[in-house]
Amino acid sequence: MDPHTHTVFAGNRVAEFLARARGEKYTGGGILTTVQATRAASEEELVRLAKPRLLRMLGQGVTTVEVKSGYGLAPADELKMLRAVRRLGEELPLTLVPTFMGAHALPPEAPREEYVRLLVEEMIPAVAREGLARFCDVFCDRGFYTVAEARTILLAARRWGLGLKIHADELAYVGAAELAGELFAASAEHLLHISEEGIRALARAGTVAVLLPGTAFVLDEPYPPARRLIEAGVPVALGTDFNPGSCPLASLPFVMSLGVLKLRMSPEEVLTAVTLNAAAALGLAEELGSIEVGKRADLVIWDAETFAEIPYWMGQNLAWAVVKGGRIVLGPGGPRWPV
Ligand code: NIG
Ligand code: FE
């Protein structure tokens, strides 16, 4: 289960990737390049582009994927992204969990107070009325939304019945994890620069820490403090953060390898992080995330003797068969859907 992705987008950022390889630092400014391409694409085009990405995830044993909007930054384009997610969920044997992230960046054309007002008064209500998202996420970080703005946006989302998530303290410490605790958010994500107080706030609120070591790997940044979070009693989940800028890496098994090698998590902690804790981050722990009577049968059969081999055989795909809701959707010999 991948609890944090930005899988729906148009265009690519190869030029930015190469610039970073030459030593340029990631600031998040490239998000607007993807916004331009995504605004120019139709809903059908977004579906067509995202489908093979999701099928590659399924092929690696991922049966539930959270997908954030946030490359539209205008009412029509954000709704278009979320409708694309809904269509993908109807057409593929995957559970997709849609998150509204209109507060992913500031649109170039609108003053910030005006855009925050648009989010609160127009976009969140429109998303909620159409039932297009389960969560609302805000990029609360240096150069993006302040803690005060994030609070305003998330409180509006809560009034409209959406669950809360925060992209927190990824680029710099701003106190976003503390806000996640204050609001009893479902999850706080990234957390590369979380403070000790932030860790305590998440533990107190039972907020899940969704860690995305693929992003630290790609950006060559220090990894988030998984051990300190676990020791403080914070449930830790792992996701890819798949997106065209800071993390073009879509392989959850590779992220599991980083979990063991870089976050110093045990294979058992990694297993929990991509199953039950990921389900908790998505509000799905009652129906998915563990093999129990009464839950849906989403299973992966691995070509491995022990679970530790999955992170150990790095960059390889050991998924041998995938069962979604009790039906074999992928097995030796290829895809098997619809059945
Ligand atoms: O999760 N942090 C903000 N958003 C993405 C990056 C998106 C992009 O660069 O396009 C992230 O890292
Ligand atoms: Fe992200």
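None of these values were measured; they are calculated from a predicted model. Counting starts at 1 for both ligands and their atoms, in listed order.
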Participant: Could you state whether V208 and L288 fall into the same hydrophobic cluster, counting links through intermediate Ile, Leu, Val, Met, Phe, Trp or Tyr residues with side-chain heavy atoms under 4.5 angstrom apart?
Facilitator: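 In one cluster with V208: L288, no.
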Participant: For the residue pair H104 and Y71, is the inter-centroid distance of their aromatic rings smaller than 6.0 Å?
Facilitator: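 Aromatic pair counts; centres sit under 6.0 Å.
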Participant: Could you tell me which atoms of ligand 1, counted from 1 in the order shown, lie closer than 4.0 angstrom to a heavy atom of I31?
Facilitator: 7 (C), 8 (C), 9 (O), 10 (O)
Participant: Kindly say whether L96 contributes a backbone atom to a donor-acceptor pair with the side chain of E66 at under 3.5 angstrom?
Facilitator: no
Participant: Kindly indicate whether the side chain of F242, heavy atoms from C-beta on, has any atom under 4.5 Å from the side chain of H6.
Facilitator: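 Contact flag for F242/H6 side chains = no.
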Participant: Any idea which protein heavy atom is nearest atom 2 (N) of ligand 1, and the distance to it?
Facilitator: E170 OE1, 2.5 Å
Participant: Any atoms of ligand 1 less than 4.0 Å from a non-hydrogen atom of H104? List them with their elements.
Facilitator: 3 (C), 4 (N), 5 (C), 7 (C)
Participant: Ligand 1 and T34, any nitrogen or oxygen pair closer than 3.5 angstrom?
Facilitator: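 Between T34 and ligand 1, no N or O pair is found under 3.5 Å apart.
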Participant: Using a strict 4.0 Å cut-off to heavy atoms of R13, name the atoms of ligand 1 that fall inside it.
Facilitator: 8 (C), 9 (O), 10 (O)
Participant: I'd like to know: is the Fe ion (ligand 2) within the 2.8 Å range of an N/O/S atom from C247, strictly under that distance?
Facilitator: no
Participant: Is the closest heavy atom of D241 to ligand 1 under 4.0 Å?
Facilitator: yes
Participant: If the cut-off is 4.0 Å to any non-hydrogen atom of Y26, which atoms of ligand 1 fall inside it?
Facilitator: 6 (C), 7 (C), 8 (C), 9 (O)
Participant: Does this structure show an ion pair linking R204 with E197, if we count only N-O contacts that are shorter than 4.0 Å?
Facilitator: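 Yes, charged N to carboxylate O under 4.0 Å.
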Participant: In terms of side-chain heavy atoms, does S290 have a donor or acceptor partner in K295 at a distance below 3.5 Å?
Facilitator: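 Yes, side-chain donor-acceptor contact under 3.5 Å.
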Participant: Need the ligand 1 atom indices (1-based, order shown) with element for anything under 4.0 Å from a heavy-atom of Y71.
Facilitator: 7 (C), 8 (C), 10 (O)
Participant: For E189, state whether at least one heavy atom is located under 4.0 Å from any atom of ligand 1.
Facilitator: no
Participant: Could you check whether Y223 and F217 have their ring centres less than 6.0 Å apart?
Facilitator: no
Participant: Could you identify the N, O or S atom of D241 positioned closest to the Fe ion (ligand 2)?
Facilitator: OD1
Participant: Main chain of S257, side chain of K262: is a donor-acceptor contact present, judged purely on distance under 3.5 Å?
Facilitator: no
Participant: Could you tell me which atoms of ligand 1, counted from 1 in the order shown, lie closer than 4.0 angstrom to a heavy atom of S246?
Facilitator: 5 (C), 6 (C), 9 (O), 11 (C), 12 (O)
Participant: May I ask you to check whether T215 has an N/O atom sitting below 3.5 Å from an N/O atom of ligand 1?
Facilitator: no
Participant: Do H193 and Y173 have ring centroids that are under 6.0 Å from one another?
Facilitator: no
